[in-house]
Amino acid sequence: MTRRTRLAPSPTGALHLGNARTFLVNWALARQRGWRILLRIEDLDGPRVKPQARSGVARTLEWLGLDWDEGPLVQSDDLAPYRGAMERLAREGKAFPCALTRAQIARAASAPQEGAHELRYAAQLRPASWERRFEDGCANWRFCVPPGEVPFHDGVQGLRSFDPSRIVGDFILWTKRGVPSYQLAVVVDDHRQGITDVVRGEDLLDSASRQLLLYRALGLSPEPSYWHLPLIIGPDGKRLAKRHGGRTIDAYREAGAAPEEVVGLAASWCGVGGGGKLSAREFLAAFDLARLPREPIVFTPGS
Ligand code: GLU
């Protein structure tokens with residue numbers, strides 16, 4: 001069986017250096033091991049997506065020197081596969097419509113969750129009964145998360161395990177805006193696109209347990225292997241992002257930098273090279289997963 005991976009950028013603005021590192025490693029692992037690579041544009045994630053960023057993101061990856069075998073596939077082009085999965089979960093009583101507001105969910109939570117991106121939705125908040133028929137666009141639909149640990153083997157981190165019922169509870173599958181959530185869309189796509197290996201940043205590590213629960217609820221197999229890479233963080237300890245100072249990949253390009261400078265910097269975070277210039281091809285030849293640092297890497301923009 002040919003193994004397959006995907007580069008899955010969200011066009012929520014320009015890609016930054018942390019994304020460059022993740023895509024380079026994903027690409028190099030695939031090319032070294034003979035996996036096929038699919039480019040998937042994940043543009044469903046709410047109002048943050050900028051339409052002009054859809055094509056820009058592929059151009060940015062090409063500028064870095066990356067290539068792929070299939071795609072780009074764009075999630076928003078066809079919602080039918082996600083709707084089919086949603087209808088099935090609703091029909092089987094594994095998902096329910098949620099009428100509660102964010103404030104109501106926050107009030108019901110036992111621990112204070114101010115500012116949390118995703119509130120924990122305790123199973124006790126589920127409605128006493130509901131119609132097992134999916135209706136689009138009227139409410140958020142949530143997954144009935146079964147309690148318990150969901151362990152998995154991670155190619156970078158070894159054995160990991162999370163209990164989604166304790167971390168996020170009944171997470172959202174479909175929003176009242178009429179689009180699937182990231183968690184549902186990624187599982188439907190990874191399955192139908194034959195993805196065997198998911199390589200991404202460690203910020204999504206605990207999502208792997210959520211996604212495995214969805215594979216099982218939908219009766220999908222085989223489940224993919226996961227490879228979660230240590231985060232690149234800013235001096236404030238948070239994941240490297242635009243707020244750390246305009247260092248997007250496009251900002252480097254517009255300032256006249258060569259792709260080899262960006263690749264060289266990202267490579268130095270992967271135990272490859274000394275931070276000097278490097279092409280994507282040279283990175284591919286030198287990359288060794290065993291030398292990838294396992295701890296988060298602090299990057300101070302401008303240093
Ligand atoms: N689109 C996600 C991101 O850019 C990646 C999702 C995934 O790899 O599962 O962070």
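Computed from a predicted structure; not experimentally measured. First listed ligand is number 1; within each ligand, the first listed atom is number 1. All heavy atoms count here, side chains included; hydrogens, waters and symmetry mates do not.
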Cation-pi geometry met for Arg192 and Tyr82 (6.0 Å, 45°)
yes
Enclosure of Lys94 NZ (heavy-atom neighbours >12, cutoff 6.0 Å)
yes
Counting from 1 in the order shown, the ligand 1 atoms closer than 4.0 Å to a non-hydrogen atom of Glu42 are 1 (N), 2 (C), 5 (C), 6 (C)
In terms of relative ring orientation, are Tyr226 and Phe152 parallel, tilted or perpendicular, with 30° and 60° separating the classes?
perpendicular
Run the numbers for me: atoms of ligand 1, each under 4.0 Å from some heavy atom of Leu204, listed by number.
5 (C), 6 (C), 7 (C)
If the cut-off is 4.0 Å to any non-hydrogen atom of Val186, which atoms of ligand 1 fall inside it?
9 (O)
Looking at Trp227, does the NZ or CZ of Arg200 lie under 6.0 angstrom from its six-membered ring centre and within 45 degrees of the ring axis?
no
Check for a donor-acceptor pair, side chain of Trp174 on one end and backbone N or O of Glu135 on the other, with a separation under 3.5 Å.
no
Find all atoms of ligand 1 within a distance of less than 4.0 Å from any non-hydrogen atom belonging to Tyr182, and give their numbers and elements.
6 (C), 7 (C), 9 (O)
Assess whether a salt bridge exists between Asp69 and Arg31, defined as any Lys/Arg side-chain N lying under 4.0 Å from an Asp/Glu carboxylate O.
yes
Can you figure out which of Pro224, Pro11, Ser10, Gly201 has its heavy atom closest to atom 4 (O) of ligand 1?
Ser10
What are the atoms of ligand 1, with element, lying closer than 4.0 Å to any heavy atom of Arg200?
7 (C), 8 (O), 9 (O)
Tell me, yes or no, whether the heavy-atom count around Arg133 atom CZ, taken from other residues, nucleotides or ligands under 6.0 Å, exceeds 12.
no
May I ask you to identify, for Asn19, whether its side chain, its backbone, both or neither come under 4.0 Å of ligand 1 on a heavy-atom basis?
neither
Candidates Ala208, Gly18, Ala8; heavy atom nearest atom 5 (C) of ligand 1 found on Ala8
In terms of atom number and element, which parts of ligand 1 are under 4.0 angstrom from non-hydrogen atoms of Arg6?
7 (C), 8 (O), 9 (O)
